[in-house]
Amino acid sequence: MSPLTRRTLIAGGIASAGVTVLAPSSANAIAYPFTLGVASGEPAPDGFVIWTRLAPSPLNVDGLGGMSSANAAVDWQVATDQRFTQVVRSGTFTATQAWAHSVHVEVTGLAAGREYFYRFRALGYISPVGRAVTAPAVGTSPALTMLFTSCSHYEAGYFTAYRRMAEENPHLILHLGDYIYEGAASTTNVRKHAPTVEIDDLADYRVRHAQYKGDVDLQAAHAAAPWLVVWDDHEVENNYANLIRNDSSPAGDFRARRAAAYKAYYEHMPLRAAQAPVAENMQLYRRVRWGSLATFHMLDTRQYRDDQACGDGTKVCPDADDPTRTLTGAAQETWLLDGMRQKLGTWDFLGQQVFFAQKLASADGAKSMDSWDGYTANRDRLQRGWDSAGLRNTVVLTGDVHRSWASNLMSNYNTQDKIIGTELVTTSVTSGGDGNAADNALSSLNPHVKFYKNLRGYVRTVTTSTQMAVDFRCVDRVTARDYPVKTVKSYVVQAGNPGLQAP
Ligand code: FE
Ligand code: CA
């Protein structure tokens, strides 16, 4: 770690304005620029990414947030304490209009497995303080509290689940996709999208992201812990597949639309420069190690997939089993299995979007074409790959379906032969609106699927080298604010013994 400055040691706190102390200036030329909050992500043993974006007028229709074309110097600090008496890293990042004055600092030189605090200063203002955590050192396996969620439609309800996630003070938060929704504003929901049209160009995607990031509950969750994010479809367009659009409205070049959506996504997420998009391509799948306890394999199941077989929807479709079809793309499939076979940690967590286990909708074999059931050969190769490598601690973490589910992963779903992993499906933050706790979608067609609940929320996990404790956390309503969260179901997954167990 860098030594503390003498000034900081003597004076402490922000009262002593100086090089390493962020103090407000007396004359603010423009309005407060930290309207979108702060975030951290991509924890490593020696650091993490810290993020913000300067946007004094976040909903300006040009998508530029009220900033001029000039570059802006953004000072940043990382400290071991919330009052910044012990600043251990600091620097200045140049925010540019080309990236919507977003700030992505890859902080290094920190100690493994501990808590830090960070903040920014720009244009005479100081940002809120965020909390981040470094990953533990390889060779160590301290307990990990990790929360994951997905599907946060702004109009469908209030982001109470995000607030409750912040209150859990976790080490890590995963968002598994549908972070924003691209649709036009509705007139019947509790909140209303900006802009009001279906978004399809860079300015529109930037305004939509800025609207979401302006939510105080979302800001609290970002400020509470580092995040690992992967997208699903709605960050671009519902049910798109690679460069194949879902529908022809709005008209225009889908390649350009995907490029705009990916760019805005990068600009608003605490991602590393390695994830910065080039035109319509963005390297989002990546591995993040959590000491020797766990490896997060964060997957991208949109950018490389074949088109949905037989079109979208739930149907009987033998083409879904075509061995040439892929959800991950060949390169990502190889990368995933190669990474899993390295056995980098006790647990392998696959952070991804769509329902992984087989789930028959009717006795004639109808299945969802957008999920892994539409790409069964790809799923079978992955399952056989990790099973034949002797991996016993694979847990697939899933979003997308706006319901809580929990399943045993089977080497053969039809014969129910052998449990080879576990799938935990988080419900949505808001998508689908208020749920129905009495709803029951469990079916004897899918004996490996053990749990279902139609309420909004997230999943809390506490993982050690011997077990993973799982709590499905839900709120009763999202169309009214501030509901409490409660555990609606708990499981334990034992290391070396795949599948769901009673706690
Ligand atoms: Fe969704
Ligand atoms: Ca989705």
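Just so you know, ligand 1 is whichever comes first in the structure, and atom 1 is the first atom listed for that ligand. Treat the numbers as computed from the prediction; the structure is a model and nothing was measured.
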Aromatic plane relationship, W405 with Y452 - under 30° parallel, 30 to 60° tilted, over 60° perpendicular: perpendicular
Short N/O/S contact of Y181 with the Fe ion (ligand 1) (below 2.8 Å): yes
Test item: N408 and K450 side chains (from C-beta on) under 4.5 Å apart, heavy atoms: yes
Carboxylate-amine/guanidinium contact E42 R286, below 4.0 Å: yes
Residue C151, metal the Fe ion (ligand 1), N/O/S under 2.8 Å: yes
Polar protein atoms near the Ca ion (ligand 2) [N, O or S; cut-off under 3.0 Å]: D178 OD2, D232 OD2, D233 OD1, D400 OD1
Parallel, tilted or perpendicular: ring planes of W227 versus Y162, cut at 30 and 60 degrees: tilted
Salt bridge flag under 4.0 Å for residues R206 and E267: yes
Metal proximity, H402 vs the Fe ion (ligand 1), N/O/S cut-off 2.8 Å: yes
Single hit among Y262, Y205, Y285 for ring pair (Phe, Tyr, Trp, His ring centres under 6.0 Å) with W231: Y262
Parallel, tilted or perpendicular: ring planes of F472 versus F451, cut at 30 and 60 degrees: tilted
Chi angles and distances behind the ring pair (Phe, Tyr, Trp, His ring centres under 6.0 Å) call for W99, Y266: CA-CA 9 Å; W99 294 96; Y266 175 77; 5.7 Å; yes
N/O/S from D178 sitting under 2.8 Å away from the Fe ion (ligand 1): yes
